[in-house]
Amino acid sequence: MEDAFSKPYDPQATEDRIYKKWLESGFFNPDNTPTFPGQETFSIVLPPPNVTGTLHMGHAAMLALEDIMVRYHRMKGDKTLWLPGTDHAAIATQSKVEKILEKEEGKRKRDLGREEFLKRVEKFARDSHDTIVSQVRKMGSSVDWSREAYTLDEQRNLAVRTAFKRMYDDGLIYRKNRVVNWDPKGQTTISDDEIVYESRKAKLYTFKYSAEFPIAISTTRPETKVGDTAVAVHPSDERYQEYVGKEYEFVFAGVPVRVRIVADESVEKDFGTGALGVTPAHSQIDWEIAQRHSLPEKQVINEYGKMAAGSPELDGKKTTEARAIIVEWLKSNNLLLEEKEIDQNVATAERTGAIIEPLPKLQWFIDVNKEFVIPYSNITGIPSGSATTLKKLMKAVVENGQIEIIPERFDKIYRHWIDNLRDWCISRQIWFGHRVPVWYRDGGEIYCDIEAPEGVDWKQDEDSLDTWFSSGLWTFSTLGWPERTKDLETYHPTSVLETGYDILPFWVARMILMTTYLLGDIPFKTVYLHGLVRDAQGRKMSKSLGNIIDPVDMIAKYGADAARMSLVVGTGPGNDMKLSEDKIKGYKHFANKLWNIARFVTSNAPASSGQRPELDEYWSAKADELEAVANEVTENIEKYQFHLAADKLYHYLWHEFADNMIEQSKLDLKDPAKQEMAAWSLRRILETNLKLLHPFMPFITEEIWGILYGDGKLLMIEKWPTNAA
RNA sequence: GGACCUAUAGCUCAGCUGGUUAGAGCGUUACAUUGACAUUGUAAAGGUCAGAGGUUCGAAUCCUCUUAGGUCCACCA
């Protein structure tokens with residue numbers, strides 16, 4: 001009996017030691033792995049986790065799936081790079097630190113000032129980074145740490161400035177005063193994608209501005225009506241035709257208001273009274289109507305969500321208080337015609353939870369519809385030197401099949417998102433992030449470049465950029481762009497992007513936008529989307545529900561191999577997965593089973609010369625079966641059916657190899673005529689299975705490999721046991 | 001309002017382009033076992049594949065509709 005096999009298998013005593021061995025080997029870095037003739041490249045960038053804290057089970061699933069692909073390709077002999085990094089996550093990190101600061105010291109960021117506050121955020125980000133790195137290691141991820149990147153480091157900052165400058169020069173980035181989504185709590189604008197709609201009950205009030213005014217209108221926000229500058233009706237609505245073009249002046253809730261009646265196609269005849277009070281400064285849609293009819297805008301709510309309408313009675317009041325006052329005023333003046341409860345979706349900010357206040361603001365935008373000439377293009381259907389738009393580029397690469405999305409159904413969702421895409425507001429009024437590379441000087445001078453302008457009295461724009469601007473560059477900024485490095489040439493476009501389907505629009509689409517524009521190429525060939533990890537009842541894991549399963553706890557209890565298997569088996573691409581502790585436990589049992597199989601084989605089947613002996617009918621059939629399993633597993637991995645591959649190996653090892661073949665060998669090993677054949681077969685089948693299982697359960701397979709062949713050779717670079725692709 | 005997903009054993013899910021008698025794990029029950037196995041084996045019970053219709057020699061699988069649960073997008077003043 002070999003002492004090397006503890007009883008039972010102890011992942012705790014094994015995993016960290018094995019990971020160290022891998023690190024020391026240097027094989028995570030493709031520059032160090034042996035090269036083969038005709039070798040292909042396989043590259044993945046790790047979706048950078050936000051430095052807002054610790055990793056959750058979703059990250060663990062991502063790491064497991066990517067490591068499977070990476071280890072498989074490395075063993076196949078491909079030049080394989082998995083590039084890790086973290087994301088500064090601008091607004092998310094800043095608001096997290098703000099919360100901590102307020103809770104622990106009762107201070108706000110302005111009490112510290114920009115510089116001091118940023119130091120705090122950076123310290124927090126560094127700590128989070130260190131935690132994340134140690135968790136990524138715990139999972140067994142074979143990432144190339146020598147190429148680690150951060151979305152806010154020097155190199156990435158240069159990439160951001162370069163990208164901004166190019167878009168600015170092409171006229172794709174512009175600055176404009178427009179109604180944007182203002183988060184009164186976070187004191188910043190946010191993009192459409194950072195809005196979460198909450199359904200609530202609201203009251204829809206139908207009223208007239210004044211007794212003389214001929215048309216009644218409906219609204220859920222009477223307080224904004226002091227900012228109305230028009231009433232819009234549908235051009236074909238006979239009820240209101242006679243009023244179109246007329247102007248009215250009156251005093252509404254103590255505020256002088258002047259409205260013009262306009263005809264606009266966007267008005268629904270059947271909604272409410274069929275007439276819409278137009279408030280250009282506080283509604284996206286009204287702003288657009290105002291543009292079409294050259295209507296003035298009148299801001300009546302300020303950045304703090306308080307009234308500023310030029311009325312002593314209303315000013316300084318919260319919008320909800322002002323609403324009550326105005327409703328009272330309507331009632332007492334007999335102007336309120338109807339009050340009805342309706343269901344309404346309220347826009348709230350994803351990070352702070354505050355209700356979004358649409359406000360006109362001077363902001364930076366990316367124009368997704370503006371034509372520009374693309375100097376170089378590797379995109380099918382869009383020749384170099386042709387005129388195109390960002391939207392067209394984003395659509396083309398998915399429609400022409402250059403990028404494949406798995407599962408397929410998500411490309412519909414992607415296209416739909418593109419169709420609805422409006423100009424992207426990229427400036428944020430937060431301190432943490434990439435500062436807008438634009439400088440101003442008295443006299444209205446504006447300067448945009450990669451480096452700051454020479455000379456005094458230039459002032460840099462105070463705003464920073466949306467975090468997705470920098471993560472959109474991730475596949476190539478990590479490889480050295482804007483420099484034309486060897487890495488960029490070798491590993492870009494990347495092979496696969498593996499991420500959760502929930503960030504398809506945020507991140508995947510933005511990477512496609514940035515890469516097609518800046519490189520004239522795709523960022524990746526395949527997008528593999530995994531689902532959300534939910535609890536055993538199918539609920540989202542959240543702090544408030546207290547149903548979070550922490551990957552670190554699970555690894556400590558059951559080992560990383562077990563945790564990985566539990567996140568892979570039983571779940572196809574794009575489907576949410578339910579996870580329970582029992583499931584992880586089950587795979588710990590499996591690890592132990594494998595451990596005992598290895599113990600049995602080493603102590604009962606002595607290593608042979610390697611020459612294949614004559615096999616009888618039983619063992620010959622088993623040899624064929626092994627080959628079939630290896631081919632099937634390979635095929636499943638190639639087709640991104642990792643759950644099938646893992647499940648197959650689980651059953652084959654436990655119920656074929658252990659229950660059947662080992663039992664048979666117990667008889668054969670006692671028979672001198674069959675002994676060698678049985679021993680050889682056991683060895684060979686175990687060996688092949690260790691290779692096949694390595695991408696899924698890297699630690700235990702590597703450990704057993706080391707015990708079997710104490711020559712220091714690593715399983716992680718053994719040749720994959722099939723040639724079939 | 002638009003789109004998508006899911007529905008298979010008590011529970012969690014496989015079942016790839018339609019092809020014998022629909023599978024696994026957990027759970028349940030019976031028996032065996034101190035062993036390569038703390039975490040074992042053998043077997044049993046358990047299914048109108050959500051419902052209805054259609055295509056087909058043949059449907060869990062393809063099509064249509066219905067029902068239930070879930071998700072995303074749009075944002076209606």
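All values below come from the heavy atoms of this structure, side chains included, with hydrogens, waters and symmetry mates left out. Naming convention: chains lettered A, B, ... in sequence-line order (proteins, then strands); numbering from 1 in each chain. All values reported here derive from a predicted model rather than from experimental measurement.
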Cation-pi, A:Tyr248 ring and A:Arg260 (6.0 angstrom, 45 degrees):
no
With C1' as the reference atom in both, quote the distance from B:rG58 to B:rU71 in angstrom, rounded to an integer.
36 Å
Sub-6.0 Å ring centroid separation between A:Tyr528 and A:Phe642
yes
Which part of the nucleic acid does A:Thr220 contact within heavy-atom distance under 4.0 Å: base, sugar-phosphate only, or nothing?
sugar-phosphate
Counting any heavy atom closer than 4.0 Å, what does A:Tyr197 reach on the DNA or RNA strands: base, sugar-phosphate only, or nothing?
base
Taking only Watson-Crick and G-U wobble pairs with both distances under 3.5 Å, what dot-bracket line describes RNA chain B, where [ ] shows pairs that cross earlier ones and | shows pairs with another strand?
(((((((..((((.....[...)))).(((((.......))))).....(((((..]....))))))))))))....
Please state whether the phosphate of B:rC4, meaning OP1 or OP2, lies under 4.0 angstrom from any side-chain nitrogen or oxygen of A:Lys412.
yes
Distance, P atom - from B:rG23 to B:rA43, rounded to whole angstrom
15 Å
Using atom P in both nucleotides, what's the gap between B:rU21 and B:rC65 to the nearest angstrom?
31 Å
For a ring pair (Phe, Tyr, Trp, His ring centres under 6.0 Å) with A:Tyr587, tell me which candidate from A:Tyr9, A:Tyr558, A:Tyr650 qualifies.
A:Tyr650
Does the gap between the ring centers of A:Phe5 and A:Trp595 come in under 6.0 Å?
yes
Using whole Å, report how far CH2 of A:Trp287 lies from P of B:rC75.
18 Å
Nearest-nucleotide pick for A:Arg422, side chain only, options being B:rA36, B:rC75, B:rA14:
B:rC75
Quick check: any donor-acceptor pair below 3.5 Å linking the side-chain of A:Asn345 to the base of B:rC75?
yes
Find which nucleotide of RNA chain B each of A:Lys639 and A:Asp576 is nearest to by heavy atoms, and output the residue with the more 5' nucleotide.
A:Asp576
Using the C1' atoms only, state how far B:rA30 lies from B:rG53, rounded to an integer number of Å.
45 Å
A:Asn420 or A:Val569, whichever maps to the more 5' nucleotide of RNA chain B
A:Val569
Only one of A:Ile597, A:Thr602, A:Ile662 passes side-chain contact (heavy atoms from CB on, under 4.5 Å) with A:Leu686; say which it is.
A:Ile597
Sticking with atom P, work out how far B:rG25 lies from B:rC63, rounded to a whole angstrom.
32 Å
Is there a donor in the side chain of A:Gln664 and an acceptor in the side chain of A:Asp668, or the other way round, less than 3.5 Å apart?
yes
Which of parallel (below 30°), tilted (30 to 60°) and perpendicular (above 60°) describes A:Phe590 and A:Trp654?
parallel
If only side-chain N and O atoms count, and only distance matters, is there a donor-acceptor pair under 3.5 Å linking A:His651 with A:Glu656?
no
B:rA74 versus B:rA3 - spacing of their C1' atoms, nearest Å
10 Å
Nearest-Å distance for atom pair CZ/P, residues A:Phe5 and B:rA36
14 Å
Value in whole Å for how far the P atom of B:rC5 lies from OH of A:Tyr414:
20 Å
Under a 3.5 Å threshold, yes or no: a donor from one side chain and an acceptor from the other, between A:Lys298 and A:Thr279?
no
Just checking A:Glu663: base, sugar-phosphate only, or nothing, at a heavy-atom cut-off of under 4.0 Å?
base
Summary of protein contacts for nucleotides 38-45 of chain B, nucleotide by nucleotide, where a base hit scores B, a sugar-phosphate-only hit scores S (4.0 Å, heavy atoms)
BBSSS---
For A:Ile285, which contact category applies under a 4.0 Å heavy-atom criterion: base, sugar-phosphate, or nothing?
sugar-phosphate
Suppose you measure atom P in B:rA59 against the same atom in B:rG41; what distance do you get, rounded to whole Å?
38 Å
Which one, B:rC5, B:rG25, B:rG15, comes nearest to the side chain of A:Leu644?
B:rG15
N/O (side chain, A:Arg409) to phosphate O (OP1/OP2, B:rU71) under 4.0 Å
no
Which part of the nucleic acid does A:Ala658 contact within heavy-atom distance under 4.0 Å: base, sugar-phosphate only, or nothing?
base
Distance check, P atoms only: B:rU48 and B:rG10, in whole angstrom units.
8 Å
In whole Å, what is the span from the CZ atom of A:Arg200 to the C1' atom of B:rC76?
18 Å
Taking 4.0 angstrom as the limit, do A:Glu687 and A:Arg684 come out as a salt bridge?
no
Is a side-chain donor-acceptor pair under 3.5 Å present for A:Ser199 with A:Asn345?
no
